[in-house]
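In this text, all values refer to a predicted model and were calculated from it rather than measured experimentally. Starting from 1, each residue takes its place in the sequence as its number. Counting starts at 1 for both ligands and their atoms, following the listed order.
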Amino acid sequence: MLGKRMVEALNEQINAEMWSAYLYLSMSLNAAAKGHKGVANWFAIQFKEEQDHAQILINYTLSRGGEVKLSPIAEVETSWKNPLAMFKDTLEHEKKVTAMITNLYEIAVEEKDYPTQNRLKWFIDEQVEEEENAQEIINSLEKVGDDGLGLYLVDKELGSRTYSAPSPLAE
Ligand code: FEO
């Protein structure tokens, strides 16, 4: 059984993951509106992955007798100057999420909640990947240029990303 403090912290993280999903959906829509199909595809997949992150936390909270309370999702930006600005915002956002996961883990340590610590290890690893992915795309765009042929090539590459659930824990 989860303690009250842990349940509250997990519910906050569920909301943060849904906010991330909403942010990436917004980026996908903005990219599509500007004709960047590959970027739109990449963020549409990111949108799904963030929902999976929320679902993993929901499944876990319920499995340990905690109550999941869905709270409102705050507004997100709807327009970015270009894909490079989107990926820079993505990286900054993911760094914040990493800090939130670290904070959640610290609560689990303080509460001596070992199962939650174990589950959060999945998120700690996932955050390394999330930051790395955004940084790699920023590097590519900075190398080849974020307009004209450079953007065309990166957009094409991002269009080949396909979705697969990040973990069976989301089922
Ligand atoms: Fe759910 Fe992008 O971290």
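- For Glu94, the N/O/S atom at the shortest distance from atom 2 (Fe) of ligand 1 is named OE2.
- A donor-acceptor contact under 3.5 angstrom links the side chains of Gln13 and Glu17, judged on distance only.
- Judged by distance alone, the side chains of Tyr60 and Thr116 do bring a donor and an acceptor atom under 3.5 Å apart.
- The N, O or S atom of Glu17 with the smallest distance to atom 1 (Fe) of ligand 1 is OE1.
- Of the N and O atoms on the side chains of Gln46 and Glu130, at least one donor lies less than 3.5 Å from an acceptor on the other residue.
- Ring-plane geometry between Trp19 and His93 is classed as tilted, the angle between the planes lying from 30 to 60 degrees on a 0 to 90 degree scale.
- Considering just the N/O/S atoms of His53, the one nearest atom 1 (Fe) of ligand 1 carries the name ND1.
- With atom 2 (Fe) of ligand 1 as the vertex, atom OE2 of Glu50 and atom OE2 of Glu130 span an angle of 90° (nearest 10 degrees).
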